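What follows is one structure encoded as structure tokens, with my remarks underneath.
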Amino acid sequence: MTPADLSKNILLILQQLQQQGVLPTAELPAEVVIERPKNREHGDWATNVAMQFAGKFGMNPREFATKLAQELAKVTGVEKVDIAGPGFINITLSAAAAGELAKQIVEAGGNFGKGSLYAGLKMNLEFVSANPTGPIHIGGTRWAAVGDSLARIFEAQGANVTREYYFNDHGAQIDRFARSLLAAAKSEPAPEDGYSGEYINQIAAAVVKENPSWAKLEDSEATELFRAGGVELMFGEIKQSLKDFGVHFDVFFHENSLYESGAVHKAIAKLRDLGHIYEQDGAIWLRSTTFGDDRDRVVIKSDGEAAYIAGDLAYYLDKRERGFDRAIYMLGADHHGYVQRMMAMCSAFGDEPGVNLEILIGQLVNLVKDGAPVRMSKRAGTVVTMEDLVDAVGVDAARYALTRSSINSMLDIDLDQLSKKTNDNPVFYVQYAHARTKQVANNAASLGVETSEFDPGLLSHASESDLLAKLAQFPAIMNHAAIERAPHLVARYLEEVAGSYHRWYDNCRVTPLSGNPVETIHRTRLWLNTAASVVLANGLKVLGVSAPERM
RNA sequence: GCGCUUGUAGCUCAACGGAUAGAGCAUCUGACUACGGAUCAGAAGGUUGGGGGUUCGAGUCCCUCCAAGCGCACCA
């Protein structure tokens, strides 16, 4: 008996009561929410359905709750139903009904926690998309961790997810990058608005090595040489970093390709046909104010060059033409000003904002040293890259730390904390719980405890009831995390599971004390131990964190 | 000035509009001749930034004020 089962049962009972005329006909709730009460005395599960819907039936909540409770108490596996406060319905399950779940989880294995919320939906999730003018720094690293987890969460709901990275390899910043490389090759100071740093020197040297005759070229040709070579090297480095971080992208999309293929002009032509393009002051404009933007946007500048948004138009159209039902962009808070114009663009194409196009804004990562914020600066040596972070704490700790907070909150990364390699990351708490499940299983095997028996009624200790209830919530957590686009919910949940598991371990032995016989209860607990193992492993996988057998 | 996000324990952060606001770290006190002590039990720690409002019920929704980060281009 899981919370989902309870929910279904309650809906069924409400329908029956209506048919019997006990309840008046009124629209039934689409879903009955079952919660785990914070207070143990309130039973195993609780629902507030009476308070939320009694009004619609013209009844007071307690009266409604009483009628529902009478029927609910008859359901097999339900031991006790109480009505509390303004109309909470508190449900206590029999130990056997609750314990049944251990076996279900073990049998579901890697599938436990999956759902069908987005079955068949083609999603394009674009994240990181850091400019290829330098290595990925800590901010982009956050999106790498969160975005990949989110993709896994969507996939667990049946979505077909394409992870995509957009390389801004077109336009002025790449020009600056190319000129910076050329300057470095000539041992000249970096251009005023250019890039500098050790990595620029290294890339320049690498391009020089590949093209020994570069110095004979005109500056314009040499710049092209350095552009192509530099961008290529940067791509390679970024891809390698992402791979080392455990993040796989299905598509690396090059902005430049939109210009080379004519997709930009095609997109503008389409908008022109739709009547949303006009000309003024020598420039081509998108009338985005029609769709809620606070001003119209220049698409082609008066000098004939495309504005940045031109690429975005073509890129979005390209995604839709590739068959994606939903294009999700993950952007940093410094880009939140784009949301309105992007949504306007979506509308202009005749699509539905928020459905076909969704933009997730995440807050930036702050660097902190000695309690004071520091600005990332190459000269001051305070740039923290993805590689730096991984070198300092490892992939598991890095991904976990970046994923366990809501993207709506700013994250402080403490430089000293990083270099200390401390044990205060909760990931170790969770991983240790998983390792423990494996060690317990090993001990059980060597002492001849097997899964040949399962008597769920024996899982009656308070810590077992607590652990079972916690495990039962995993599918709901995964569903919620998908709807809210919030991978941190999974991390927080795992910490709770780990806590429940550790407490259970402390109270209930899977292997008998030496000299004592193996009994049914030990064999039954082995199922629960494996169930905990399954949930911890499935959850850690969603976060891209390893589930070690020993630490 | 306008907009987006945030403000919760000493610190980092949780909490579908639900009951006594929770974890980890840090602090203090206990627990292995018992499946790994990277653990557990317990203590302490809060006017959820201030003030109004909505309702059976508000950290959560609305208004307002305060504070912080970010953004308001024919830059990318």
Side-chain angles (χ1 to χ4, degrees), chain A residues 31 33 35 37-39 41-42 46-48 51-52 54-55 60-62 84-88 90 131 133 168 170-176 193 255 280-285 294-295 297-303 305-309 311 332-340 361-364 366 371 373 401 404-412 414 417 422-433 435-436 439-444 446-447 449 476 479-480 483-484 488-489 491-493 495-496 498-499 501-503 505-514 522 525 529 550-551:
Chain A
E31 188 195 9
V33 177
E35 296 179 313
K38 285 168 193 155
N39 190 333
E41 289 163 14
H42 290 151
T47 177
N48 60 359
M51 276 126 63
Q52 285 188 328
N60 78 53
R62 286 197 68 108
F88 286 105
N90 293 329
N131 291 331
T133 53
N168 295 116
H170 180 91
Q173 66 190 351
I174 287 294
D175 294 340
R176 288 201 292 269
D193 53 356
E255 181 186 12
Q280 189 179 308
D281 304 331
I284 310 279
W285 298 69
D294 51 10
R295 58 182 303 158
R297 303 292 168 180
V298 167
V299 177
I300 303 290
K301 296 185 276 186
S302 52
D303 65 2
E305 289 289 316
Y308 184 75
I309 195 173
D334 52 341
H335 286 67
H336 77 253
Y338 299 5
V339 175
Q340 218 174 16
I361 296 295
Q363 298 303 307
L364 303 176
N366 281 330
R404 80 183 282 269
S405 296
S406 160
I407 61 167
N408 287 331
S409 63
M410 287 178 274
L411 208 54
D412 287 335
D414 190 312
Q417 205 73 7
T422 56
N423 241 16
D424 63 0
N425 191 322
V427 73
F428 299 118
Y429 185 76
V430 177
Q431 287 184 314
Y432 181 57
R436 225 176 201 183
Q439 292 309 303
V440 167
N442 288 343
N443 292 333
S446 63
L447 289 171
V449 180
N479 181 276
H480 193 206
I483 291 171
E484 298 292 323
H488 76 275
L489 296 175
R492 299 293 171 154
Y493 166 75
E495 289 167 31
E496 290 178 19
Y501 178 77
H502 286 312
R503 283 185 283 280
Y505 169 93
D506 229 51
N507 283 289
C508 301
R509 294 185 56 91
V510 171
T511 54
L513 289 175
S514 60
H522 302 115
R525 281 177 179 158
N529 183 72
R550 56 180 67 242
M551 298 178 69

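Because the structure is predicted, anything quoted here is derived from the model rather than measured. Letters go in sequence order (proteins before strands), and every chain restarts at 1.
Remark: of the listed residues T133(A), D193(A), N131(A), N131(A) is the sole one forming a side chain to side chain donor-acceptor pair (under 3.5 Å) with Q173(A).
Considering only heavy atoms from C-beta on, T511(A) stays 4.5 Å or farther from H522(A) through its side chain. When side chains are defined from C-beta on, P61(A) does not count as touching N48(A), because their heavy atoms never get closer than 4.5 Å.
Residue A46(A) is in base contact, counting any heavy-atom pair closer than 4.0 Å across all strands shown. Contact annotation for G85(A): no contact, since no heavy-atom pair falls under 4.0 Å across all strands. When heavy atoms are screened at a 4.0 angstrom cut-off, H170(A) is found touching the sugar-phosphate backbone but no base atom. As judged by a 4.0 angstrom heavy-atom cut-off over every strand, R295(A) is placed among residues touching the sugar-phosphate backbone only. No engagement by D193(A) is indicated, since no non-hydrogen atom pair under 4.0 Å with the nucleic acid exists. Within the nucleic acid shown, I174(A) has no heavy atom closer than 4.0 Å to any nucleic acid atom. Residue contacts for H502(A): at a heavy-atom cut-off of 4.0 Å it reaches the sugar-phosphate backbone alone, with no base atom in range. The residue S406(A) sits close only to the backbone: its heavy atoms come under 4.0 Å of sugar-phosphate atoms, none of a base. Within 4.0 Å of Q173(A), counting heavy atoms only, lie sugar-phosphate atoms of the nucleic acid but no base atom. Using a 4.0 Å heavy-atom cutoff across all strands shown, D412(A) reaches sugar-phosphate atoms only and no base atom. Residue contacts shown for E35(A) include a base, since a base heavy atom lies under 4.0 Å away. Within the nucleic acid shown, L411(A) comes within 4.0 Å of sugar-phosphate atoms alone, with no base atom in reach, counting heavy atoms only.
Considering only the side chain of D506(A), C40(B) comes nearest among C16(B), G36(B), C40(B). In this structure, of G18(B), G37(B), A19(B), it is G37(B) that holds the atom nearest to the side chain of R436(A). Residue R503(A) has its side chain nearest to C40(B) when only C16(B), C40(B), U5(B) are considered. Side chain of M410(A), nearest nucleotide from C56(B), A14(B), G69(B): G69(B). Comparing atom distances between the M51(A) side chain and each of U39(B), C56(B), C74(B) picks out C56(B) as nearest. Listed nucleotides: A15(B), G18(B), A38(B). Nearest to the side chain of N48(A): G18(B). Listed nucleotides: C56(B), A19(B), A38(B). Nearest to the side chain of P86(A): C56(B). For D334(A), whose side chain is taken as the heavy atoms from C-beta onward, the closest listed nucleotide among G71(B), G36(B), U12(B) is G71(B).
Cation-pi geometry between R436(A) and Y505(A) is met: the NZ or CZ atom falls under 6.0 Å from the ring centre, inside 45° of the normal.
Comparing A15(B) with G53(B), their C1' atoms are spaced 24 Å from each other, to the whole Å. Straight-line distance between the P atoms of G50(B) and A67(B): roughly 15 Å, to the nearest whole Å. One P atom belongs to G46(B), the other to A9(B), and the distance between them is 9 Å to the nearest Å. A gap of 7 Å separates the P atoms of U48(B) and G59(B), to the nearest Å.
Atoms CG (N408(A)) and P (C4(B)) sit 13 Å apart, rounded to a whole Å. One interatomic measurement links the two molecules: NE2 of H42(A) to P of U20(B), which rounds to 8 Å at whole-angstrom precision.
Across all non-hydrogen atoms, the minimal contact from H42(A) to N90(A) is O-CB, 2.9 Å.
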Dot-bracket for RNA chain B, 5' to 3', with Watson-Crick and G-U pairs under 3.5 Å, [ ] for crossing pairs and | for other-strand pairs: what is it? (((((((..((((....[...)))).(((((.......))))).....(((((..]....))))))))))))....
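At most 12 non-hydrogen atoms from other residues, nucleotides or ligands lie less than 6.0 angstrom from CD of E41(A).
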Under 4.0 Å protein heavy-atom contact, by nucleotide of nucleotides 43-48 of chain B - B base, S sugar-phosphate only: ------
Tabulate protein N/O versus nucleotide N/O from nucleotides 26-34 of chain B, keeping only pairs under 3.5 Å, one per line.
{"unit_1": "A34(B)", "atom_1": "O2'", "unit_2": "R509(A)", "atom_2": "NH1", "d": "3.3"}

